[in-house]
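Here's the structure, in structure tokens; my notes come after.
We use all heavy atoms of the structure for the numbers below, so side chains are in, but hydrogens, waters and symmetry mates are not. Quick caveat: nothing in here was measured; it's all calculated off a predicted structure.
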Amino acid sequence: MQHAVIAATGLFTPEQSVSNAELVDSYNAWADGWNARHAAQIEAGELEAKAHSSPEFIEKASGIKSRFVLDKAGVIDPERMAPNLPERSNDELSILAEMAVKAARQAIEAWGKPVSEIGAVLCAASNMQRPYPAMAIEVQQALGIEGFAFDMNVACSSATFGVKTAADFIAGGSVKAVLMVNPEVCSAHLNFTDRDSHFIFGDVATAVIVESAETAGPGGWDVLGTRLKTVFSNNIRNNFGFLNRNARDTAHLDSPVADDSVQNDKLFIQQGRKVFRDVVPMVSDMIIDHAGELGLDPHELKRLWLHQANINMNTMIGKKVLGREPSSDENVIILDDYANTSSAGSIIAFHLHNDGFAPGETGLICSFGAGYSAGTVFVRKRA
């Protein structure tokens with residue numbers, strides 16, 4: 001059985017960025033409008049007025065300072081509060097596929113080998129823009145890759161689940177190399193009228209090439225071990241799907257997100273404090289246990305590339321795993337610029353900050369999120 005190597009990575013970052021101040025100005029204008037429209041009910045005590053947000057609140061709660069988005073104008077328009085992403089014809093490359101292809105081409109260029117050596121394409125993301133044909137097959141066609149392709153969705157943990165799946169294909173001899181892509185248009189499933197979460201997400205795409213050690217050249221990262229875990233929870237949920245139209249009057253589904261008739265649970269919704277309380281110990285214990293199984297001392301890990309959801313979560317997990325206050329070099333944070341990009345976050349951190357390793361030194365790629373789900377991928381720098 002051949003072990004797997006992370007041979008190359010790629011990143012596509014949208015050109016447009018929204019600062020906390022811009023997002024807050026938009027939200028506060030929307031809240032003022034909502035309060036004015038419902039002044040009578042608020043006065044009668046039937047509704048609670050919408051409170052203002054602030055850049056200071058956002059940064060303290062999350063560590064986020066800005067986020068990249070595909071469409072800034074729609075996001076900060078108080079009359080819309082959603083990105084404007086026109087539907088494309090079936091003959092055009094879809095939005096998610098286009099993002100994924102851009103990230104994949106960067107990874108392929110860094111890899112330096114022909115796509116004919118790739119035997120499978122996995123599209124692992126929190127939201128697919130359609131049920132079928134699979135986004136992965138569209139990416140496969142756009143890049144001229146043969147073999148097979150399929151989509152997989154494990155919310156924010158999709159990338160590590162994808163790496164694990166790729167490594168298993170290689171170990172089993174099915175393929176010699178796998179392209180795994182994570183296109184995330186998180187701004188499209190975010191409720192920008194929810195003060196507690198309107199700042200959380202950004203858009204991005206990442207790509208990872210996982211290759212057999214038998215064919216891999218020098219460099220890259222040996223995959224020492226992978227582990228997955230899921231525990232059911234309703235504390236992070238998005239109920240939008242094709243069955244919604246069969247359950248009730250569906251006229252509201254075509255309304256702008258800012259319309260009060262849109263039901264909040266058809267977009268991203270979470271119980272943040274409960275998530276923090278549940279996930280931090282679950283993930284910390286999982287990392288430490290998996291390290292022990294692999295014969296690794298977690299205190300000796302050179303770097304953690306964790307899911308980028310919340311700086312307070314990452315800081316606490318880092319402390320538990322390393323047994324000390326982690327430095328910024330040990331516990332990589334990129335969510336100040338990128339915000340939460342769901343499955344792509346840990347891969348962005350790894351892609352941008354994997355320098356300074358000597359051969360034999362180890363690190364951890366870890367993601368966690370809705371499900372609950374979590375995945376750990378321990379890697380060792382190759383000579």
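- Between the side chains of Asp32 and His52, at least one donor N or O lies within less than 3.5 Å of an accepting N or O.
- Counting all heavy atoms, side chain and backbone alike, Met81 lies closest to Tyr27 at CE-CA, 4.0 Å.
- Heavy-atom neighbours of Lys381 NZ from other residues, nucleotides or ligands within 6.0 Å: above the threshold of 12.
- Side-chain contact, Glu117 with Thr215: no donor N or O sits under 3.5 Å from an acceptor N or O.
- Atom CD1 of Ile269 is separated from atom CG of Leu267 by 9.0 Å, given to the nearest 0.5 angstrom.
- If you run salt bridge (charged side-chain N to carboxylate O under 4.0 Å, His left out) between Glu211 and each of Lys176, Lys113, Arg382, only Lys113 comes through.
- Ile334 and Gly345 make their closest contact through CD1-O, 4.1 Å (heavy atoms, listed as atom of the first residue, atom of the second, distance).
- With hydrogens and angles left out, the side-chain atoms of Asp265 and Asn239 include a donor and acceptor closer than 3.5 Å.
- A salt bridge links Asp329 with Arg303: the closest approach of a Lys/Arg side-chain nitrogen to an acidic carboxylate oxygen falls below 4.0 angstrom.
- Applying the side-chain hydrogen bond (donor to acceptor under 3.5 Å, both in side chains) criterion to Lys72, with sequence neighbours excluded, gives Glu22.
- Of all heavy-atom pairs between Asn340 and Cys186, the closest is O-SG, 4.4 Å.
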>> With side chain to side chain donor-acceptor pair (under 3.5 Å) as the criterion, how do Ser343 and Ser158 come out once you've worked through the C-alpha distance, each side chain's angles and the decisive distance to 0.1 Å?
In response: CA-CA 5 Å; Ser343 69; Ser158 295; 5.0 Å; no

> Yes or no on ring pair (Phe, Tyr, Trp, His ring centres under 6.0 Å) for Tyr338 and Phe68, after CA distance, side-chain angles and deciding distance?
Replying inline: CA-CA 6 Å; Tyr338 280 87; Phe68 293 97; 5.0 Å; yes

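- Using modelled atom types, one finds a donor on one side chain and an acceptor on the other under 3.5 Å when comparing Ser126 with Glu184.
- Legend: residues meeting side-chain contact (heavy atoms from CB on, under 4.5 Å) with Arg88, ordered by chain and number and at least two apart, are Glu92, Ile95, Glu98.
- Between the CZ atom in Phe357 and the CH2 atom in Trp221 there is a gap of 4.5 Å [rounded to 0.5 Å].
- Using a cut-off of 4.0 Å between Lys/Arg side-chain N and Asp/Glu carboxylate O, Glu325 and Lys319 are scored as salt-bridged.
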